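Okay, so here's the structure we're looking at.
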Amino acid sequence: MTPDSMAAAIREVLVAIAAEGAFAIAVPESVHIERPKNREHGDYATNIALTLAKPAGVAPRDLAQVIASRLDAVAGISSTEIAGPGFINIRLDSATQGELARSIVTQGASFGHNTALAGQTINVEFISANPTGPLHLGHTRWAAVGSAIANVLAAAGAKTASEFYINDRGVQMDKFGASVMAAAKGQRVPEDGYHGGYIIDLAAQINAEEPELLDLPEAEQLVGFREAAYKRQLHQQQQVLSLFQTHFDVWSSERALHDSDAVETGFAKLRAQGHVYVQDGATWLRTSDFGDDKDRVLIKADGEYTYFASDTAYFVNKRDRGFDICIYLLGADHHGYVNRLRAVAQCNGDDKTAAEVLIGQLVKITKGGQEVKLSKRAGNIVTLEDLVEEVGVDAARYSLIRYPVDSPLTLDLEVIAQRTNDNPVYYVQYAHARLASVLRNAADLNIDWLSAEFDPGLLSHERENELLGSLGEFPRIVASAAELREPHRIARYLEVLGGQYHRFYDACRVLPRGDEELTSEHIARLWLCAAARQTLANGLALLGVSAPERM
RNA sequence: GCCUCCGUAGCUCAGGGGAUAGAGCGCCGGUUUCCGGUACCGAAGGUCGCAGGUUCGAAUCCUGCCGGGGGCACCA
């Protein structure tokens, strides 16, 4: 029995009580079920009597008593008790609880998937860097968290697309092109250009692969180098992100947005809504109608589109592509965008929640307790690639995801590279590897637990009960992580689950020792192991972290 | 000035109204003939920044204050 089916069972009881009319209770849509921290309070507890009693004008404990006595008759519930002001504590019989292991093994990779967000179509945009250089550490948190959010939303039943908005338009691109061209010709890179060592490398690569560019007239040459460098730099970013287990469904180009009629279409829509006006020669969007502290310029007096114009048109474009909700992951330095984007949504005639902005705090890097200055000159880590080289993909992703994005974060490179308990990612992965090992050993012993008779009632040890209880929480954890856009909940859950498993393993022998005979208990425990392994693997997959068979 | 995030154990941090506030690290002390000890068990350690409010119940929601981070372009 899962928390969800428990909630459904309780709701049925409430419906029955309400129908009889003795208590004037309003049956709620959903019943809150929690897993008590204290084991003595049962497998599950509900506060339902507490919340319904006052409106119904009855004493909470009296109502609890009526509900509890009916729950006692529900199949799978072994006992109930009233506690404190009116909690109902519920215990399951171990066979009902143990059935969960079978259910998880049967569901396999889809265990944890749910329908919390079914029917929603959500766009998650993150990173969205200029293609003028390597992705740096600032982008790395969004790469990890953004991809995890997209995974989690999809697991919760939302139709989801992750999207990278390529900022390939504007003067930065020209500066980038000019810098590479100068380097290719052995000239000094312009003062306001890009100066990283990668510019030299790009120039050398382009000289080798497209030598004809050097023969072009000056004006065409700049465009040629800009485009050649753009193509290669974008490709480099895509390679690194792929390595970093960060997948994008859509790569959207700002330039393509302007080349198509999307900008004019978008503006026309906003004009029709009556939120565009001209003043001092510039074209403005009246965002202040919707909580922004001032109106924003779309087209400057000199006829140039602002960056905000692109953002606005892009939002309208995403909505036109069918996304109900557009999530943006932005750094703390962009928090001024929150009201602006919400206002754009409202100017477009949407609810302000159609534009959802997640603001992330910056990451501070330390090494052995010493702050690492993000300075290329000092030879320290500055790019996503550097971080991966230093600590690996799994450790980097996991460490970035396990904290809420709105809290500032300090990562110690020494700690997250360690293969010890200091490092939660190894604790979780180790639990998975240990589990995989037990299942491997079972196979070596020719124990075919999958086709053997499984008696779930044998999973009655306290540690088995706790492990099963945690396993049952997984779908709810995924659902809440999706609803709140907080994938760190998955990571924290996996740490708890890993701990539950280690404690179970410590107390409960799974495989027969030596020449000991195979019993039904061994089989039942193998089912539990398989369920735990599956759940850890599913959770890690949502985070884009590997679930190793061996470490 | 306005906006925004944060303030919980020595440190790094979890805790979307529930029962005795948790984890890891660090410190102290334990556990192994045999499934991976990268594990497990125990101890010490807290006025949840402060003050009000809402509630049967507040670390959690609301208001104010204090302290700290970040941001407030016809830049991209």
Side-chain angles (χ1 to χ4, degrees), chain A residues 32 34 36-38 40-41 45-47 50-51 53-54 59-60 83-87 89 130 132 167 169-173 175 254 279-284 293-294 296-302 304-310 331-339 359-362 364 366 369 402-412 415 418-424 426-427 429-431 433-442 444-445 480 483-484 486 488-489 491-493 495-496 498-499 501-514 516 522 525-526 529 550-551:
Chain A
H32 181 66
E34 58 187 56
K37 277 173 282 190
N38 187 339
E40 290 168 17
H41 294 151
T46 180
N47 62 354
L50 252 15
T51 59
K54 192 168 190 182
F87 293 105
N89 296 336
N130 287 320
T132 56
N167 286 190
R169 189 172 173 279
V171 301
Q172 293 304 318
M173 289 301 291
K175 287 180 183 175
E254 181 184 1
Q279 186 182 313
D280 302 333
T283 302
W284 300 70
D293 47 2
K294 55 191 273 195
R296 305 288 167 177
V297 174
L298 291 169
I299 307 172
K300 293 188 267 181
D302 63 8
E304 279 293 307
Y305 288 102
T306 60
Y307 196 82
F308 176 67
S310 297
D333 53 339
H334 284 72
H335 97 270
Y337 277 50
V338 178
N339 281 333
I359 293 296
Q361 299 298 311
L362 304 179
K364 191 162 85 179
T366 62
R402 83 181 277 267
Y403 302 96
V405 285
D406 54 8
S407 71
L409 158 59
T410 303
L411 283 191
D412 195 295
V415 171
Q418 273 170 17
R419 304 175 149 261
T420 67
N421 223 352
D422 299 21
N423 190 1
Y426 282 104
Y427 184 79
Q429 288 185 316
Y430 176 68
R434 201 181 209 188
L435 233 7
S437 168
V438 170
L439 294 168
R440 254 196 321 271
N441 293 342
D444 289 346
L445 293 171
S480 66
E483 284 161 358
L484 297 166
E486 291 186 346
H488 77 275
R489 288 166 186 274
R492 299 293 173 156
Y493 165 77
E495 289 164 30
V496 171
Y501 175 67
H502 287 309
R503 283 188 283 281
F504 154 76
Y505 181 87
D506 194 62
C508 300
R509 174 81 199 189
V510 177
L511 296 172
R513 313 160 191 251
E516 197 181 342
H522 296 131
R525 285 179 172 170
L526 279 163
C529 284
R550 293 186 167 84
M551 291 176 73

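A note on names: the letters A, B, ... follow the listed sequences, proteins ahead of strands, and every chain is numbered from 1. A quick note: this is a predicted structure, and the numbers were derived from the prediction, not measured.
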Contacts under 3.5 Å, N or O only, protein and nucleotides 5-8 of chain B:
| from | atom 1 | to | atom 2 | distance (Å) |
| --- | --- | --- | --- | --- |
| B:rC5 | O2' | A:D406 | O | 2.7 |

(request) Please state whether the phosphate of B:rU33, meaning OP1 or OP2, lies under 4.0 angstrom from any side-chain nitrogen or oxygen of A:R513. (result) no
(message) In whole Å, I'd like the distance from the CG atom of A:L411 to the P atom of B:rC11.
(response) 19 Å
(request) Would you indicate what A:A442 reaches in the nucleic acid, counting non-hydrogen atoms under 4.0 angstrom: base, sugar-phosphate, or nothing? (result) nothing
(request) Could I get the full list of side-chain contact (heavy atoms from CB on, under 4.5 Å) partners for A:K300, not counting sequence neighbours? (result) A:V297, A:D302, A:E304, A:T306
(message) List the residues meeting side-chain contact (heavy atoms from CB on, under 4.5 Å) with A:N38, not counting sequence neighbours, and say none if there are none.
(response) A:E40, A:H41
(message) Quick check for you: among B:rC35, B:rG16, B:rG18, whose closest atom lies nearest to any side-chain atom of A:V438?
(response) B:rC35
(message) For A:Y337 and A:E486, find the nucleotide of RNA chain B closest to each by heavy atoms; which residue's nucleotide sits nearer the 5' end?
(response) A:E486
(request) Please name the pair of heavy atoms, one in A:P60 and one in A:P85, separated by the smallest distance, quoted to 0.1 Å. (result) CB-O, 3.4 Å
(request) Measure the distance from CD on A:Q429 to C1' on B:rG36 and round it to the nearest whole Å. (result) 15 Å
(message) Tell me the closest heavy-atom pair linking A:A45 and A:P36, and the distance in Å.
(response) CB-CG, 3.7 Å
(request) Could you check which of B:rG18, B:rG16, B:rG71 has an atom nearest any side-chain atom of A:P85? (result) B:rG18
(request) Pick the C1' atom in B:rC65 and in B:rC72, then give their distance to the nearest Å. (result) 24 Å
(message) Taking atom types as they are modelled, would you say the side chain of A:H502 forms a donor-acceptor pair with the base of B:rC40 within the 3.5 Å cutoff?
(response) no
(request) In whole angstrom, give the distance that lies between atom CG of A:L439 and atom P of B:rG36. (result) 11 Å
(request) Return the nearest nucleotide to the side chain of A:H41; candidates are B:rG18, B:rA14, B:rA19. (result) B:rA19
(request) Compare every heavy atom of A:A301 with every heavy atom of A:A282, then report the nearest pair and how far apart it is. (result) CB-N, 4.0 Å
(message) The side chain of A:R434 is closest to which nucleotide in this list: B:rU4, B:rU20, B:rA39?
(response) B:rA39
(message) Is A:H32 close enough to B:rG18 that one of its side-chain N or O atoms is under 4.0 Å from OP1 or OP2 there?
(response) no
(request) Check whether any side-chain N or O of A:K294 sits under 4.0 Å from OP1 or OP2 of B:rC72, and answer yes or no. (result) no
(message) Tell me if the side-chain of A:N89 makes a donor-acceptor pair with the base of B:rA19, cut-off 3.5 Å, by modelled atom types.
(response) yes
(message) Please give the stem ranges for RNA chain B, sorted by first residue number, where a stem is three or more consecutive Watson-Crick or G-U pairs and both donor-acceptor distances are under 3.5 Å.
(response) B:1-7 with B:66-72, B:10-13 with B:22-25, B:28-31 with B:39-42, B:49-53 with B:61-65
(request) Could you verify whether a donor N or O on one side chain and an acceptor N or O on the other, from A:Q172 and A:T132, lie under 3.5 Å apart? (result) no
(request) When you get a sec, tell me which of B:rG36, B:rC34, B:rU4 is the closest nucleotide to the side chain of A:H335? (result) B:rU4
(message) Return whichever of A:F504 or A:A83 has its heavy-atom-nearest nucleotide of RNA chain B closer to the 5' end.
(response) A:A83
(message) Test of understanding: with side-chain contact (heavy atoms from CB on, under 4.5 Å), list the residues that count as partners of A:R492, not counting sequence neighbours.
(response) A:R402, A:Y403, A:H488, A:E495
(request) Sequence neighbours left out, what passes ring-ring contact (aromatic ring centres under 6.0 Å, His included) with A:F504? Give chain and number order. (result) A:Y501
Donor-acceptor list for residues 434-442 of chain A side chains, cut-off 3.5 Å, not counting sequence neighbours:
| from | atom 1 | to | atom 2 | distance (Å) |
| --- | --- | --- | --- | --- |
| A:R434 | NH1 | A:H502 | ND1 | 2.9 |
| A:R440 | NH1 | A:E549 | O | 3.2 |
| A:N441 | ND2 | A:S437 | O | 3.4 |

(request) From the options B:rG16, B:rA19, B:rG36, select the nucleotide whose nearest atom is closest to the side chain of A:Y505. (result) B:rG36
(request) Figure out the CG/C1' separation between A:L298 and B:rC75, and round it to whole Å. (result) 16 Å
(request) For A:N89, check side-chain hydrogen bond (donor to acceptor under 3.5 Å, both in side chains) against everything at least two apart and list the hits. (result) A:E81
(request) Could you check how far CG of A:D302 sits from P of B:rC74, rounded to whole Å? (result) 13 Å
(request) Could you state the atom-to-atom distance from OH of A:Y305 to P of B:rC74 in whole Å? (result) 18 Å
(message) Looking only at the side chain of A:N38 (C-beta and beyond, no hydrogens), which of the listed nucleotides B:rC34, B:rU20, B:rG37 gets closest?
(response) B:rU20
(request) Could I get the full list of ring-ring contact (aromatic ring centres under 6.0 Å, His included) partners for A:H334, not counting sequence neighbours? (result) A:Y337
(request) Find the distance A:H488:NE2 to B:rU12:P and express it as a whole number of Å. (result) 18 Å
(request) Let me know the distance between OH of A:Y426 and C1' of B:rC25, rounded to the nearest Å. (result) 17 Å
(message) So if I take every side-chain heavy atom of A:S480 and compare against B:rG16, B:rG37, B:rA19, which nucleotide ends up nearest?
(response) B:rG16
(message) Given B:rC74, B:rG16, B:rG70, identify the nucleotide with an atom nearest to the side chain of A:A332.
(response) B:rG70
(message) If the condition is side-chain hydrogen bond (donor to acceptor under 3.5 Å, both in side chains), which residues does A:E516 pass it with, not counting sequence neighbours?
(response) none
(message) Going by the rule side-chain contact (heavy atoms from CB on, under 4.5 Å), which residues pair with A:V338 if we only count those two or more places apart in sequence or in a different chain?
(response) A:R342, A:V357, A:I359
Protein N or O to nucleotides 21-24 of chain B N or O, pairs below 3.5 Å:
| from | atom 1 | to | atom 2 | distance (Å) |
| --- | --- | --- | --- | --- |
| B:rG24 | O2' | A:N421 | O | 3.1 |

(request) Please assess A:L511 against A:H522 for the test side-chain contact (heavy atoms from CB on, under 4.5 Å), listing each intermediate value before the final yes or no. (result) CA-CA 6 Å; A:L511 296 172; A:H522 296 131; 5.8 Å; no
(request) Looking at every strand, decide which applies to A:N441 at a 4.0 Å heavy-atom threshold: base, sugar-phosphate, or nothing. (result) sugar-phosphate
(request) Choose from B:rA39, B:rA19, B:rC75 the nucleotide whose nearest atom is closest to any side-chain atom of A:Y430. (result) B:rA39
